[in-house]
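We use all heavy atoms of the structure for the numbers below, so side chains are in, but hydrogens, waters and symmetry mates are not. One-based numbering, in listed order, for ligands and for the atoms of each.
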Amino acid sequence: MKVKHEANFATLAIHAAYDAKQHQGALTPPVHISSTYAFESVEQGGAAFQGENDRYIYARLGSPSQHILEQRLAALEQAEAALATASGMGAITATLWSMVKPGDEIIADLSLYGCTFSFLEHGLKTFGVKISYVDLTEPENLKHHISSQTKLVYSESPSNPNMRLIDIAALAEITGQYDCKLMIDNTYCTPYLQNPIVLGADLVVHSATKYLGGHGDLIAGFVAGSQEDMDRIRMFGLKDMTGAVISGFDVSLLLRGLKTLHVRMDRHCENAQKVAAYLAQSPHVKNTYYPGLTDFPQQPLASKQMRQAGGMIALELNGTKEQSAQFVNQLQMIMCAVSLGDAETLIQHPASMTHSTYTEDELSAHLISPTLIRLSVGLEHVDDIIADLHQALESVFSAASGNCFSPSGLAILA
Ligand SMILES: *Cc1c(COP(=O)(O)O)cnc(C)c1O
C-alpha cells in the first residue's frame, strides 16, 4: 500500500515509505546489512560520488533499510526529511557539529539531558563555541540574550528530568528574526504527542532508544528538518565527525517498534495520568510534576502544544535525599534503571545517576533538586504500578515515624 504524507499518524507509522510490491511482497521491510555497494562501472561509481544518480555507495552514507526508516520518521514528524543515527547522542552531536563553528553561540535551556549538557560543556565549548544557559520557559529571556552571534537555540520540552516545558512556537518566532536555528529534543513526547517542526522549530532530535523503539532492546536516534539541513548533517556531522551510523538490524527493530507507537503511547499516557493523581494526593509526596495535572503550573502550555501529557513523571518526596533513595530501593516490581519509554516502569534518581555529570553547583543552577526522582510509567496494569509505589512509600515513612512493626510482626502480635 502507498500512503500519502497526509495520512493519519497510526497509518503512517505502519505503512509510510514502504511498498511491499517492490520487495517480493514482503510485509516487513528487508534488513540490509551490506557495508558496501557494487557498481557496474567506474563511470557509474563516479556519478554516484558526484550525486548524479541515487545508487547506494557505502553504508556510512546510507542504506536502503535506513532510507525507509528515515522517510517514515520524516512523515511522523511532518518534516521534509530525517536522518537516522546509532543513538540519540549520535543525532545530537552530528547535528551540532554541522550547525556551529568556533565563535558562534548556542543558547540552551537550563535543564538538559545529562550527556547533552556534557557535550555542550566539555565538548563544543572547548572547541571555541560559546554556550549560554538561559531559562527558556520564559520566552522574554531569549529576547534579551539572543544576538547575531547566536546560531542555535536548544531545548527539550518537557525537559529531562524535571518536566519544564518551553513554548516552542514563541521561541520559533524569536529565532526566526535571526540567522538562528531552533532545535528541540522531542524524546519525551515522541512525534505522536508533539511536532516541533509544525510549531516552527527548524530541527528536531530524538533518542529512538526510548518510546520509539519501546522495548528496551536497541540504541538509536534521529534528527528531522529540511532536506538541505539533513544533507549537510549526513555528509559532514554523521559521515565525517561522528560516524554514528545506525545498523540495519536496529533499523528493523525500530521499524517494528514504530508500528505500535500510537497504541503504546495512549496507554503510557493513561497510566501516567492515574499514577500522577495517586502521587499528588499522597501525604508523603511533596511535589508531583506531570503536565496532565490541573495544578501543573504550565498546564495551559501543555494543552496548547502537546496532544496528551505523556508517560513521564518527576516527583519529590516529603523527605531527605536518603529517604528518596530508600523509596527507590523498596520498590519490588518497578525497576531502578535509567532509560525510559519501555514497557517496564522504570525509576531513577537523577542527581546520583543520569545527571551525575553535573557538579552539585551545576545541579542547583540547572534546577535539578537532590531529591528529585524520575519515573517512566510503563505498560503494566496501573493498579499494580500504584500498589508498588504505595507499599514503598509506606515502608519508608512508617519506619521514619517510629513504627517498627513489620506487617508479619503485627500478625504474630495479633
Ligand atoms: C536518552 C536521551 C538522549 C540520548 O539518547 P541515546 O539514545 O541514549 O543516545 C537524549 N535526550 C533525551 C531527552 C534522552 O532521554
Side-chain angles (χ1 to χ4, degrees), residues 69 73 77 82-97 106 108-121 123-124 136 154-166 168 183-191 193-194 196 201 203-224 237-238 241-247 250-251 253-254 257-258 265 268 272 289 291 306 310-314 337-342 344 346-350 353-358 366-368 372-378:
L69 174 66
L73 292 168
E77 267 300 9
L83 172 60
T85 55
S87 66
M89 284 313 298
I92 292 165
T93 54
T95 303
L96 292 175
W97 281 126
I106 294 176
D109 182 48
L110 291 179
S111 308
L112 298 169
Y113 176 71
C115 302
T116 304
F117 172 72
S118 231
F119 177 63
L120 294 175
E121 198 56 26
L124 283 183
L136 295 178
Y154 187 101
S155 185
E156 301 164 9
S157 187
S159 63
N160 183 350
N162 49 9
M163 303 301 292
R164 293 160 72 253
L165 307 190
I166 58 115
I168 298 171
M183 177 166 167
I184 302 292
D185 181 333
N186 201 26
T187 300
Y188 263 39
C189 279
T190 80
L193 301 186
Q194 172 174 281
L203 295 158
V204 48
V205 279
H206 285 268
S207 169
T209 312
K210 314 294 169 58
Y211 291 106
L212 304 182
H215 295 75
D217 54 8
L218 66 90
I219 300 271
F222 82 95
V223 51
L238 183 60
M241 297 298 278
T242 71
V245 178
I246 190 167
S247 117
D250 288 337
V251 167
L253 283 173
L254 193 46
L258 287 177
M265 284 315 286
H268 280 297
Y289 304 98
M306 295 165 67
M312 297 299 297
I313 298 173
V338 302
S339 199
L340 56 101
D342 288 332
E344 295 82 359
L346 303 177
I347 198 161
Q348 67 113 353
H349 181 231
M353 299 170 66
T354 46
H355 290 67
S356 54
T357 53
Y358 289 65
H366 294 264
L367 312 174
I368 299 164
L372 193 81
I373 292 168
R374 187 185 82 180
L375 182 64
S376 168
V377 179

Run the side-chain contact (heavy atoms from CB on, under 4.5 Å) check on Thr116 and Met89 step by step: do they pass? CA-CA 7 Å; Thr116 304; Met89 284 313 298; 3.9 Å; yes

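Looking at atom 3 (C) of ligand 1, its nearest protein heavy atom turns out to be Tyr113 CE2, 3.4 Å. Counting only heavy atoms of the protein, atom 14 (C) of ligand 1 lies nearest to Lys210 NZ, 3.0 Å.
Contact annotation: for Ala220 versus ligand 1, heavy atoms closer than 4.0 Å belong to the backbone alone.
The two residues Ser207 and Thr187 make their nearest non-hydrogen contact at N-OG1, 2.9 Å.
Within the 4.5 Å cutoff, the side chain of Ser376 has no heavy atoms near those of the Lys210 side chain.
Shown are Ile92, Asp109, Ile184; of these, the side chain to side chain contact (heavy atoms under 4.5 Å, CB included) with Tyr154 is made only by Ile92. Checked options Ile368, Leu346, Thr354; the residue passing with Arg374 is Thr354 (criterion: side chain to side chain contact (heavy atoms under 4.5 Å, CB included)).
The shortest N or O to N or O distance between Met89 and ligand 1 is under 3.5 Å. Residue Gly88 has at least one N or O atom closer than 3.5 Å to an N or O atom of ligand 1. Residue-to-ligand polar distances keep Thr116 apart from ligand 1: every N/O pair is separated by 3.5 Å or more. Residue Asp185 places at least one N or O, backbone or side chain, under 3.5 Å from an N or O of ligand 1. Considering backbone and side-chain N/O atoms, Glu156 never comes within less than 3.5 Å of an N/O atom of ligand 1.
In this structure, Phe222 and His206 have parallel ring planes: the angle between them is below the 30° cut-off, well short of the 60° mark.
When each atom of ligand 1 is checked for a heavy atom of Asn160 under 4.0 Å away, the hits are 13 (C), 14 (C), 15 (O).
No hydrogens or angles considered: a donor-acceptor pair under 3.5 Å links the side chains of Tyr188 and Asn160.
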